[in-house]
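Contents: one structure, followed by commentary.
In what follows, chains are A, B, ... by sequence order, proteins preceding strands, each numbered from 1.
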There are 2 protein chains.
Amino acid sequence: MMVGMFSSSGESVAVIDGQAEDAAAEVWRRIRSISHDPQAMAVCHQITQETGLALAPQRALLVLPLDEAISMRQLARRLGCDNSYVTPLVDTLEGRGLAVRRPHPSDRRVKVIELTEPGRALAERVQLADSTPPDTFGQLTEAELGTLRDLLRKLDPV
Amino acid sequence: MMVGMFSSSGESVAVIDGQAEDAAAEVWRRIRSISHDPQAMAVCHQITQETGLALAPQRALLVLPLDEAISMRQLARRLGCDNSYVTPLVDTLEGRGLAVRRPHPSDRRVKVIELTEPGRALAERVQLADSTPPDTFGQLTEAELGTLRDLLRKLDPV
DNA sequence: TATTGTTATACTCTATAACTATA
DNA sequence: TATAGTTATAGAGTATAACAATA
């Protein structure tokens with residue numbers, strides 16, 4: 001719980017519960033704070049209201065390629081979950097006509113999952129919402145965003 | 001999935017799945033990527049190994065004041081969860097001798113929860129791990145961290 | 001009558017293990 | 001014998017509703 005900020009000898013220091021916080025700790029705290037943007041989740045909740053689709057299958061739509069079929073296993077890999085978990089997820093999507101399972105042409109053990117046209121439209125919506133920055137980003141100039149991007153690249157292992 | 005980066009007319013542009021990404025989108029993506037630091041969770045998993053304490057009660061330790069008693073209701077508020085959920089959490093902490101419930105001196109409906117000495121030690125450990133930035137932060141100079149902090153302050157609603 | 005905490009119950013997300021069909 | 005997907009089951013995290021005690 002931040003209670004104030006003061007400047008001493010040109011150094012701006014955030015104060016948390018009476019304890020001074022160094023720049024690295026503040027950056028870390030703010031990165032996590034910003035990343036928990038309620039706005040991003042708002043779209044998901046709205047889709048839940050509209051379609052009754054739970055969050056888990058929405059996450060599947062998020063990682064499903066728009067114009068390419070991938071196997072159940074590949075989908076599990078993209079979701080970072082177990083193979084078995086993906087079955088009821090695709091069941092749900094299929095039950096709502098958002099995706100279809102097809103047999104793999106050469107390997108009959110494999111099923112590929114492919115978005116239908118309505119599924120593709122919804123996936124596009126989910127993916128766009130996910131990649132769209134919060135409104136507060138508009139408070140930075142292009143130059144500032146460039147600087148920020150360069151600094152974050154140094155922090156990002158990827 | 002980022003596949004490359006190229007520079008054209010002095011502008012550095014990240015390329016994702018063949019599509020150019022603007023600075024704001026890249027900043028947003030990296031903020032979320034950095035915030036999902038596995039290092040922070042590693043300590044929690046280690047504590048789970050050592051003590052058998054699940055993640056949920058560890059979260060309680062994270063928000064419990066080290067040297068002050070708060071009510072169940074206040075703890076629920078800090079955790080952002082329902083009142084009823086906090087009961088089994090405190091049961092667990094109490095069962096392990098990490099905290100105690102005491103009656104509120106003036107309002108007998110209220111119970112205050114207070115860390116024991118071992119609970120306080122573990123809470124300190126959890127809280128320190130939580131507020132410690134990932135190692136990659138060492139790649140930035142103090143000046144760069146200051147710049148980064150100032151830019152993030154503009155994005156942070158708090 | 002409103003509020004604090006508890007109990008009972010149920011729902012969501014996710015994993016493990018055992019199984020089937022195919023390779 | 002190894003792999004893709006499914007089924008059955010279980011566990012973690014969390015909420016809602018009903019309840020008891022106190023205010």
As an exercise, state the distance from OG1 of Thr87(A) to CE of Met72(A), rounded to the nearest 0.5 Å.
4.0 Å
Can you tell me how far apart NE2 (His36(B)) and CD1 (Ile31(A)) are? Round to the nearest 0.5 Å.
12.0 Å
Atom-pair distance ([atom1] on [X]; [atom2] on [N]), nearest Å:
{"X": "Tyr85(B)", "N": "dA8(C)", "atom1": "OH", "atom2": "P", "result": "18 Å"}
{"X": "His104(B)", "N": "dT22(D)", "atom1": "NE2", "atom2": "P", "result": "15 Å"}
{"X": "Asp82(B)", "N": "dC11(C)", "atom1": "CG", "atom2": "P", "result": "17 Å"}
{"X": "Lys111(A)", "N": "dT3(D)", "atom1": "NZ", "atom2": "P", "result": "19 Å"}
{"X": "Asn83(B)", "N": "dT7(C)", "atom1": "CG", "atom2": "P", "result": "13 Å"}
{"X": "Asp91(B)", "N": "dA8(C)", "atom1": "CG", "atom2": "P", "result": "12 Å"}
{"X": "Leu89(B)", "N": "dT7(C)", "atom1": "CG", "atom2": "P", "result": "14 Å"}

Indicate yes or no: does Arg32(B) engage Asp130(A) in a salt bridge with an N to O separation below 4.0 Å.
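Looking at Arg32(B) and Asp130(A), the cut-off is met.
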Verify whether one side chain among Ser131(A) and Glu21(B) offers a donor that lies under 3.5 Å from an acceptor in the other.
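Result is no, nothing qualifies.
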Side chains of Thr48(B) and Gln58(B): donor-acceptor distance under 3.5 Å anywhere?
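Their side chains do contain a donor-acceptor pair, which is all the 3.5 Å distance test asks for.
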Quick one, Ser71(A) and Arg109(A) - any side-chain contact, counting heavy atoms below 4.5 Å?
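With C-beta onward as the side chain, the pair stays apart.
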Would you mind reporting whether Val27(B) and Leu140(A) have side-chain heavy atoms less than 4.5 Å apart?
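In short, these two side chains do not touch, never coming nearer than 4.5 Å.
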Shortest non-hydrogen contact from Gly97(A) toward Pro118(A):
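Scanning both residues completely, I find the closest heavy atoms to be O-CG, 4.0 Å.
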Please step through side-chain contact (heavy atoms from CB on, under 4.5 Å) for the pair Leu89(B) and Leu79(B), ending with a clear verdict.
CA-CA 11 Å; Leu89(B) 248 39; Leu79(B) 288 172; 3.7 Å; yes
Going by number, which of residues 44-76 of chain A have a non-hydrogen atom under 4.0 Å from DNA chain D?
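Output list: Ser71(A), Met72(A), Arg73(A).
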Picking from dG5(C), dA17(C), dG13(D), which would you name as closest to the side chain of Ser84(A)?
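Nucleotide nearest to Ser84(A)'s side chain: dA17(C).
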Would you give a per-nucleotide map of nucleotides 18-23 of chain C, 5' to 3', where B means the base has a protein non-hydrogen atom under 4.0 Å away, S means only the sugar-phosphate does, and - means neither?
----BS
So, OP1 or OP2 of dT6(D): does either fall under 4.0 Å of a side-chain N or O from Arg101(A)?
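True: Arg101(A) side-chain N/O within range (under 4.0 Å) of dT6(D) OP1/OP2.
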